[in-house]
Amino acid sequence: QVQVVENGGGLVQPGGSLRLSCEAFGRIFSIHTMAWYRQAPGKQRELVANITSKGSTNYADFVKGRFTISRDNEKNMVYLQMMSLTVEDTAVYYCEADLSSWPWDSVSDYWGQGTQVTVSS
């Protein structure tokens with residue numbers, strides 16, 4: 001009933017930029033925190049950045065100053081602008097949304113299928 005779908009991954013050269021987008025759609029009453037995670041081969045999934053419904057943001061140290069998270073509450077979308085990319089940023093990037101489908105619902109987390117970001121020359 002709720003889906004989270006990412007877009008915007010691809011291949012980029014070191015030093016380049018990419019913009020990821022993510023939309024949550026379906027039966028949604030309210031979305032609280034939205035976040036981007038990433039998982040590189042052989043590594044655990046890690047938080048990249050998150051943003052509350054009021055726009056408060058939090059970033060992992062390894063992306064501070066290079067990545068910017070933003071959201072459009074009316075469209076149920078979250079974005080990740082990535083700049084100065086390095087090969088270490090290569091990973092599958094996942095979108096996560098904490099949301100409730102009904103006013104009486106508890107908050108549950110929903111994940112997208114992931115989008116591959118490859119940084120290579």
### Task
Would you mind listing the cluster partners of F25? Hydrophobic ones only (ILVMFWY), side-chain contacts under 4.5 Å, chaining allowed.
V5
### Task
Quick one: pull up CZ in R45 and CG in L47 and give me the separation to the nearest 0.5 Å.
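Between R45 CZ and L47 CG, I get 11.5 Å after rounding to 0.5 Å.
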### Message
Could you measure the distance from the CE atom of M77 to the CG atom of N7? Nearest 0.5 Å is fine.
### Response
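Those atoms lie 7.5 Å apart.
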### Task
Kindly state each residue pair satisfying disulfide (SG to SG under 2.5 Å) with at least one member in residues 91-121, sequence neighbours excluded.
C22-C95
Side chain to side chain donor-acceptor pair (under 3.5 Å) against [X], all qualifying residues, sequence neighbours excluded:
X	value
Q116	T118
D109	W111
Q44	none
Q113	E6

Donor-acceptor pair, distance only, cut-off 3.5 Å: does the side chain of [X] make one with the backbone of [Y]?
X	Y	answer
S17	M83	no
S100	S106	no
Y59	I69	yes

### Task
State, to 0.1 Å, how close M34 and V78 come at their nearest heavy-atom pair, and which atoms those are.
CE-CG1, 3.8 Å
### Query
Do the non-hydrogen side-chain atoms of D89 and R66 ever get within less than 4.5 Å of each other?
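Contact flag for D89/R66 side chains = yes.
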#### Entry: Within 45° cone of Y94 ring axis and under 6.0 Å: R38 NZ or CZ
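R38 over Y94 ring: no.
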